[in-house]
Amino acid sequence: MMIQSSIAAVCSARPHALRRISTRLSSHVLSFLYCIATATFVLNNAPAASARALYTTTSKSLIDSAPPSECSAPFAPVLAFGDSTTDTGNQIHTNTPFATAASPPYGVTFFHEPTGRYSDGRVMLDFLCTALKIDFLPPHLTRSSQCANENFAVAGATANNNAELESIANVTSLTEDTLEVQLSWFRNDLQGHDLSKALVYFGEIGGNDYNYALGAMRPANEVQALLPAVVEKIHNALQTILESGVKKVVVQGQFPMGCIAIYLRLFNNTDQLDSNGCVSSVMEISNQHNRMLRDVIGHVQEIHPDVDIVFFDTTEAYLHILTNPSIYNFNNVRDPCYTGGLELLALANAGNTGGSPSAALPPHNINRTSCSNPENYIGWDGIHLTDAMYGAMMKLFLTDARFTSPFPNFLTPCTNH
C-alpha cells in the first residue's frame, strides 16, 4: 500500500475536477464476472448488488470448522508476500528511486532507526511473528539461506505490471517488483523443497494498482477496470503457492481506502462521506476488492480441500477501531502522525499526474519531523499505519471471530498464550 501513488493533486487539484471524478466514482458501480475456464474477464455496467463478482463463495471457504486442539507449529518455513504493509526491508535494497522508509522518522519507535518498514515501528506481519514466538521475517533480498523464513513483500508492489497498468488505467508504477516478481523469488528459493509444513502470509496486494489510478485522477471506469485484473492475479498467485505444496495460508484483505488520510484530503469537501466519515466512492473500490477476494478464497478452497486458508478482514478490523478509538488508546483517528509523508507521496506520483518521473526524487527540504506520540495515532504517514494500529489489528485477527474467517483456526492454538 505504499502508494507511491499519492497525489500531487492534493494541493493543486481543481475542485471541479475532483467533483467530476467523485461523481463518476459513486455513480458508475460496475460488476465483474470472471470466467475461470478461459482466464478472461469482462466488465458489466450492472449494479454491484445484482451480481457476485468472480466466484461464488461456498460454505467450505469461510465457515467455522473444528480447529486443531494443539498447535501444529513450528511452521517451516514461514513466508510472506505483499506490499508496503508487509515489507520488512526489501524495497530499500532495490533500485526504486523512492524508498522513503530508508530515512527517519520511519522506525522511530520500536526499532529506533529506519528498517525499511513503512511505519514508525512494526508492521502486522511482525506482530504475527511475535505471537508465533519466531523471529521477524528477514527480507528476501538480505536473507542468509534458502528454504528458511523469508519475506518477499516489496513496498510499492502492484498486482499488475507496468504494461498492464498502462493499458488499463494509463498509469505506471515506480517499482518493477510486482507480485509476479515475488512469485519468481519464491520459485527460485523453494522449488523442490517440502513445503507441507510451511505457513504463507499473503498480505495486501493490489492497493497500489488502485492508488496509482486514483491518485492520477483517472476516470471511474478505468479505476474499476483494475479490479478483475488485480483479483485474477491474486487467484493465480494463490494457485501457484498451493500447487507448490503449501497447506497453511493467511490472506489479508484490503484496507478501507476511503478512510485513509490521503484520500480524505484529496476529496475534501468534494465527495460524499459514509457513516464512518470515509470517502464513499473510494470505499466502494476496496469493498468490491474484498468481496471479490472472498469469492476467490472460496473457489481456491474448493479446489484444495486439504488446505487451510484463513481470511483477515482488514477493513472490518480497521472500522471497529475507528469507531471505538478510546478502547485502543487512540485520540487522533484522521490525521497522520508524520505529515511530511503526504509531501513525499505527492512527489512519488509525479509521473502519473503530468509531472516528470524524475521529480519523484525527494528534495532535502521535506519535513522529517513526526508527532511525539504515535501510539495515540491510527495513521502514520497519510497512507500507512502506526505500530500501535498494526498491533491492535493483529490482536483482533488472532482473538476475535468478528474479523477472521474461519475462527478458531490453525493459528488459534499457536497464538493463544
Side-chain angles (χ1 to χ4, degrees), residues 1-7 9-10 13 15 17-30 47-49 53 83-85 169 204-227 230-231 252-294 312-325 330 332-336 341-342 345-346 349 377-386 389 393 403:
M1 197 169 89
M2 178 204 168
I3 296 191
Q4 296 161 326
S5 108
S6 213
I7 301 170
V10 166
L18 295 180
R19 284 194 294 271
R20 183 176 65 254
I21 297 299
S22 62
T23 298
R24 296 182 71 179
L25 277 170
S26 57
S27 64
H28 290 72
V29 180
L30 305 177
D83 56 22
S84 57
T85 60
E204 180 195 76
I205 197 76
N208 285 320
D209 299 63
Y210 313 135
N211 291 328
Y212 281 120
L214 287 167
M217 305 300 288
R218 293 297 181 256
N221 64 310
E222 292 182 7
V223 181
Q224 292 276 358
L226 287 165
L227 280 159
V230 165
V231 177
Q252 178 190 319
Q254 177 66 248
F255 284 84
M257 295 167 55
C259 303
I260 305 300
I262 199 157
Y263 289 120
L264 290 171
R265 296 194 180 197
L266 176 65
F267 295 105
N268 183 32
N269 298 324
T270 66
D271 202 3
Q272 181 179 355
L273 301 182
D274 64 18
S275 59
N276 295 309
C278 306
V279 181
S280 298
S281 58
V282 181
M283 285 297 295
E284 178 55 30
I285 301 295
S286 50
N287 288 340
Q288 180 76 337
H289 174 101
N290 285 333
R291 289 191 291 268
M292 297 167 78
L293 180 59
R294 281 179 175 269
F312 286 173
D313 194 335
T314 315
T315 288
E316 287 303 312
Y318 186 107
L319 293 178
H320 166 74
I321 297 172
L322 180 67
T323 54
N324 300 277
F330 296 121
N332 193 320
V333 300
R334 299 296 181 189
D335 300 317
L342 288 170
L345 291 167
N349 205 37
Y377 281 70
I378 284 179
W380 167 241
D381 61 4
I383 286 294
H384 309 99
L385 308 181
T386 58
M389 181 61 168
M393 293 180 71
F403 311 108

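Here Phe403 pairs with His320 under the ring-ring contact (aromatic ring centres under 6.0 Å, His included) rule; sequence neighbours left out. Listed by chain and number, the residues in a ring-ring contact (aromatic ring centres under 6.0 Å, His included) with Phe312 are Phe397 (sequence neighbours excluded). In this structure, the side-chain hydrogen bond (donor to acceptor under 3.5 Å, both in side chains) partners of Asn332, at least two apart in sequence or on a different chain, are Asp335. Remark: Asn276 engages no residue in a side-chain hydrogen bond (donor to acceptor under 3.5 Å, both in side chains) (not counting sequence neighbours). For Ala261, the side-chain contact (heavy atoms from CB on, under 4.5 Å) criterion is met by Pro336, not counting sequence neighbours. Taking the side-chain hydrogen bond (donor to acceptor under 3.5 Å, both in side chains) definition, one finds that Asn287 meets it with nothing, sequence neighbours left out.
Within the 3.5 Å criterion, the main-chain N or O of Ala216 finds a donor-acceptor partner in the side chain of Arg218. A donor-acceptor contact shorter than 3.5 Å links the side chain of Thr314 to the backbone of Gly253. Here the side chain of Ser280 pairs a donor or acceptor atom with the backbone of Gln272 at under 3.5 angstrom. The closest donor-acceptor contact from the side chain of Thr386 to the backbone of Gly379 lies at 3.5 Å or more, if one exists at all.
A donor and an acceptor atom, one from each side chain of His384 and Ser84, are located under 3.5 Å apart. Between Thr315 and Asn290, the side chains place a donor N or O and an acceptor N or O closer than 3.5 Å (distance only, hydrogens not considered).
The one candidate from Val282, Asp209, Leu226 that meets the side-chain contact (heavy atoms from CB on, under 4.5 Å) condition with Leu214 is Val282.
Residues Gln254 and Tyr210 are in side-chain contact: their nearest non-hydrogen atoms beyond the backbone lie under 4.5 Å apart. For the pair Gln252/Thr85, a side-chain contact is recorded, criterion being any heavy-atom separation below 4.5 Å from C-beta on. In this structure the side chain of Glu284 never reaches within 4.5 angstrom of the side chain of Ser281, judged on heavy atoms. With a 4.5 Å cut-off on side-chain heavy atoms, Leu319 and Cys259 count as touching.
The structure places CD1 of Ile383 at 8.0 Å from CE of Met257, a figure rounded to the nearest 0.5 Å. Asp83 contributes atom CG, which lies 4.5 Å from atom CD of Glu204 (distance to the nearest 0.5 angstrom). Within the model, atoms CG of Leu264 and SG of Cys278 stand 6.5 Å from one another, a figure rounded to the nearest 0.5 Å. Remark: Leu273 CG to Met283 CE distance equals 11.0 Å, nearest 0.5 Å.
Nearest heavy-atom pair, Ala213 versus Ala169, reported as atom, atom and distance to 0.1 Å: CB-CB, 4.1 Å.
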inquiry  = Checking Tyr318 against Asp313 for the side-chain hydrogen bond (donor to acceptor under 3.5 Å, both in side chains) test, could you report, in this order, the C-alpha distance in whole Å, the side-chain angles of both residues, the deciding distance, and whether it holds?
reply    = CA-CA 9 Å; Tyr318 186 107; Asp313 194 335; over 6 Å; no

task = Starting from the C-alpha separation in whole Å, work towards a yes-or-no answer on side-chain contact (heavy atoms from CB on, under 4.5 Å) for Leu385 and Tyr377.
result = CA-CA 8 Å; Leu385 308 181; Tyr377 281 70; over 6 Å; no

request  = Could you check Met389 against Leu322 for side-chain contact (heavy atoms from CB on, under 4.5 Å), going step by step and ending with a plain yes or no?
outcome  = CA-CA 10 Å; Met389 181 61 168; Leu322 180 67; over 6 Å; no

